[in-house]
There are 2 protein chains.
Amino acid sequence: MDIFATLLQEKERLSQSESRIADILLNDFEFAVNASIIELAGKADVSPPTVTRFCRRLGCESFSDFKVQLARTAYVGMRYLKPEPKSQEPVDVARDIIDKAQNALFLLHRSLDLAAIEQAADRLAAAGMVYAFGSGGNSSMIAGELQNRLFRLGLRITSSSDHGMQLMLAAAAKQDDVIIGSSFSGRNAELVRALTLAREAKVPTIALTQSGSPVAEAADIAVPVDLPEGNNIYRPTSTRIAYLALVDILASLVAYRVQPQATATLRRIKQQLVVHRDGDDRQLLGD
Amino acid sequence: MDIFATLLQEKERLSQSESRIADILLNDFEFAVNASIIELAGKADVSPPTVTRFCRRLGCESFSDFKVQLARTAYVGMRYLKPEPKSQEPVDVARDIIDKAQNALFLLHRSLDLAAIEQAADRLAAAGMVYAFGSGGNSSMIAGELQNRLFRLGLRITSSSDHGMQLMLAAAAKQDDVIIGSSFSGRNAELVRALTLAREAKVPTIALTQSGSPVAEAADIAVPVDLPEGNNIYRPTSTRIAYLALVDILASLVAYRVQPQATATLRRIKQQLVVHRDGDDRQLLGD
DNA sequence: ACGAAAAGTGAAAATAATTTGCATCGCAAT
DNA sequence: ATTGCGATGCAAATTATTTTCACTTTTCGT
């Protein structure tokens with residue numbers, strides 16, 4: 001658990017003086033990481049001991065421990081508090097894109113529901129056949145990626161981005177199959193229809209989507225991905241990166257279930273394949 | 001420029017005592033961020049003043065400034081120094097994957113050659129027609145992504161993952177066209193052939209690949225992506241994430257060249273499209 | 001090879017930052 | 001009204017950091 005999360009969680013229960021300190025952290029973070037306890041206390045209009053107590057309350061040993069922890073998580077964790085730079089300068093564009101991507105990963109990590117992911121991995125590993133659904137450039141890529149990752153593990157899988165096809169596949173699926181759907185917004189009505197159809201036929205379903213959304217409700221196992229809206233609309237790439245990482249996690253867990261003992265051996269085999277090919281994208285083989 | 005980079009850069013020029021401090025930072029980083037100057041000095045067998053001077057030398061105000069900066073970059077920047085966790089526990093798998101992904105982005109950011117990217121963006125924006133080449137699951141995805149991103153900006157573009165096709169397209173390309181190829185390893189011999197063919201016909205070429213590699217040499221503009229090998233082989237996803245971010249950067253810069261004034265307007269239009277559709281993956285439209 | 005200048009280093013003193021102990025204040029419950 | 005508790009700041013104590021200065025080693029020109 002990082003401090004920033006703790007801070008948000010404790011925020012309500014803080015005293016008057018302490019919330020003033022919290023405000024400074026949230027608003028003028030740059031100042032906060034660089035300030036001494038005296039400067040910080042001064043700006044918050046409290047005494048240094050209050051700052052020390054504040055730090056302890058948030059689970060730190062001391063003020064300097066606090067600063068280190070703050071600096072640590074903040075590198076990626078607090079970027080989204082910043083307004084958009086809006087500059088068209090390459091340096092800024094690059095920085096902005098990388099920040100957003102790292103931040104999306106950070107938020108993904110925080111919002112991960114490991115229990116749900118494990119359940120999903122269990123189901124996938126045991127499935128007779130897997131159908132991966134996703135539409136639109138983004139989610140269809142994720143569906144394709146699922147296929148790409150899981151077929152290598154020996155799973156039987158196909159993917160579809162076509163709504164009509166999804167319905168037919170869902171109708172044809174058997175009870176030991178699994179349908180896994182992806183939707184960034186969670187509001188893909190057609191996907192909801194396919195999942196509902198599957199549910200009626202008692203075919204297990206998994207959704208990678210925003211928690212609490214229609215798509216999430218329609219699936220047996222909802223693996224939540226909750227990223228702030230801002231991220232989605234203007235920078236779809238960063239959301240996509242988070243989804244890719246999620247698929248990576250899921251596929252790794254499925255791999256451990258399918259080939260529990262194979263980790264070490266696999267790596268050795270991979271290395272061989274990799275060394276002898278010497279073509280492009282050697283890692284494809286080695287994945 | 002972050003401290004870790006500065007440290008690696010200055011490493012050679014450090015004095016005996018100073019290198020001992022550097023070693024501790026590199027080897028027992030956890031200790032270093034949490035230690036007081038006295039503890040750190042003790043472990044390195046030097047006096048506290050030497051530590052202070054060491055910090056100054058690396059461009060910091062003071063020891064505490066140094067610690068903050070260190071903690072900051074280290075959050076993602078030094079993860080790759082850690083050995084693999086090897087645990088199959090979901091928490092560890094997730095943490096590992098997210099770390100690697102963030103780290104790949106961090107390294108990408110550090111190795112970005114903005115000048116090359118700008119040149120590439122200039123060329124692309126001015127091209128009569130763009131051909132995006134990439135083979136293997138990874139690079140072909142990148143080629144597809146380039147097409148996906150650039151056609152929306154009004155560019156004429158097609159992509160191909162087929163070597164034979166790439167050769168034919170390269171042979172058919174005109175001098176005001178652009179060929180852009182992606183190769184993670186830089187050792188895709190077929191891609192090199194296509195790029196060479198294009199060069200002979202004076203068709204401008206761009207490569208997204210490892211610097212100094214055959215593919216990089218074969219292209220007019222090489223946009224380097226240098227990630228440590230370890231990242232590639234076992235976790236292709238993280239490398240792919242870095243490439244996706246790079247495409248994102250490149251596409252954004254092309255957008256500014258093609259529609260220099262449109263940024264603000266575009267966003268407003270996007271928002272409209274987005275609000276009225278309410279389907280899945282609204283961001284697709286809005287991208 | 002010699003010696004002067006420069007750079008590197010640590011001990012101790014000086015300074016600054018942080019924490020502790022304690023007293024006070026304000027508020028809520030009795 | 002009064003007791004008790006948590007919140008707070010002051011001042012002292014502690015601790016951490018930096019500066020100063022003297023000493024040592026290295027470097028470089030002669």
Side-chain angles (χ1 to χ4, degrees), chain A residues 3 6-74, chain B residues 3 6-74:
Chain A
I3 311 217
T6 318
L7 180 60
L8 289 176
Q9 192 193 306
E10 293 282 310
K11 194 135 192 287
E12 302 310 315
R13 269 164 290 173
L14 292 177
S15 73
Q16 216 176 333
S17 305
E18 288 176 329
S19 1
R20 247 175 298 141
I21 301 174
D23 282 345
I24 290 177
L25 296 183
L26 264 43
N27 295 325
D28 196 352
F29 166 78
E30 271 310 310
F31 169 83
V33 271
N34 293 311
S36 73
I37 196 172
I38 297 173
E39 292 168 320
L40 181 57
K43 185 147 179 173
D45 242 325
V46 299
S47 66
T50 304
V51 175
T52 297
R53 288 187 279 253
F54 174 83
C55 298
R56 299 252 161 86
R57 176 150 195 187
L58 261 49
C60 301
E61 274 295 304
S62 63
F63 177 68
S64 46
D65 180 28
F66 171 78
K67 277 219 301 195
V68 167
Q69 296 219 209
L70 197 63
R72 220 168 220 226
T73 52
Chain B
I3 315 212
T6 318
L7 180 61
L8 289 176
Q9 192 192 305
E10 293 282 311
K11 193 132 191 287
E12 302 311 315
R13 269 163 293 173
L14 292 177
S15 73
Q16 214 178 333
S17 306
E18 287 176 329
S19 349
R20 249 176 295 142
I21 301 174
D23 282 344
I24 289 178
L25 296 183
L26 264 41
N27 295 326
D28 196 352
F29 166 79
E30 271 311 310
F31 168 83
V33 271
N34 292 311
S36 74
I37 194 171
I38 296 172
E39 294 168 319
L40 181 56
K43 184 148 182 172
D45 243 323
V46 299
S47 65
T50 304
V51 175
T52 297
R53 287 186 282 254
F54 174 83
C55 299
R56 299 252 160 88
R57 176 150 196 189
L58 260 49
C60 300
E61 276 294 304
S62 62
F63 177 68
S64 46
D65 180 26
F66 171 78
K67 277 218 304 195
V68 166
Q69 295 216 211
L70 197 63
R72 230 172 211 219
T73 51

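Residue numbers start from 1 in every chain, and the chains themselves are labelled A, B, ... in the order their sequence lines are given, proteins ahead of strands. Side-chain atoms are counted along with the backbone in the values below, which use heavy atoms only and exclude waters and symmetry mates.
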If I take atom CZ in residue R57(B) and atom C1' in nucleotide dT9(C), what distance separates them, rounded to the nearest angstrom? 14 Å

To the nearest 0.5 angstrom, please state how far the CG atom of N27(B) sits from the NZ atom of K43(B). 9.0 Å

Of all the heavy-atom pairs spanning E39(B) and N34(B), show the shortest one and how long it is. OE1-O, 4.3 Å

Residues 57-64 of chain A side chain polar contacts: donor-acceptor under 3.5 Å, at least two apart:
unit_1	atom_1	unit_2	atom_2	d
R57(A)	NH1	E18(A)	OE1	2.7
R57(A)	NH2	R13(A)	O	3.0
S62(A)	OG	S64(A)	OG	3.4
S62(A)	OG	D65(A)	N	3.3

Phosphate-side-chain proximity, S47(A) and dC10(D), N/O vs OP1/OP2 below 4.0 Å: no

Distance in Å, R72(B) CZ paired with L70(B) CG, rounded so as to fall on 0.5 Å steps: 12.0 Å

Ignoring backbone atoms, establish whether T50(A) has a side-chain N or O less than 4.0 Å from OP1 or OP2 of dG9(D). yes

Which is true for V46(B) with a 4.0 Å heavy-atom rule: it touches a base, it touches only sugar-phosphate, or it touches nothing? sugar-phosphate

Can you check the F66(A) CZ to dT19(C) P distance for me, whole Å? 12 Å

Could you tell me the separation between the CG atom of L40(A) and the P atom of dA17(C), rounded to a whole number of Å? 13 Å

dG10(C) base to R53(B) side chain: any donor-acceptor pair below 3.5 Å? yes

Short side-chain to backbone donor-acceptor contact, K67(B) and A35(B), under 3.5 Å: yes

What is the distance, rounded to the nearest whole Å, between atom CG of L14(B) and atom P of dA7(C)? 16 Å

From CD1 of I21(B) over to C1' of dG8(C), roughly how many Å is that when rounded to an integer? 12 Å

Between the protein and nucleotides 16-18 of chain D, are there any N/O to N/O pairs under 3.5 Å, and if so, what are the atom names and distances?
unit_1	atom_1	unit_2	atom_2	d
dT17(D)	OP2	I37(B)	N	2.6
dT18(D)	OP1	F63(B)	N	3.0
dT18(D)	OP2	T52(B)	OG1	2.9

In short, A41(B) meets S47(B) closest at the heavy-atom pair CB-C, 3.8 Å

Applying a 4.0 Å non-hydrogen cut-off, can you work out what D45(A) is touching in the nucleic acid: base, sugar-phosphate, or nothing? sugar-phosphate

N/O donor-acceptor pair under 3.5 Å between T50(A) side chain and V46(A) backbone: no

d(CG, D65(A); P, dA17(C)) in whole Å: 19 Å

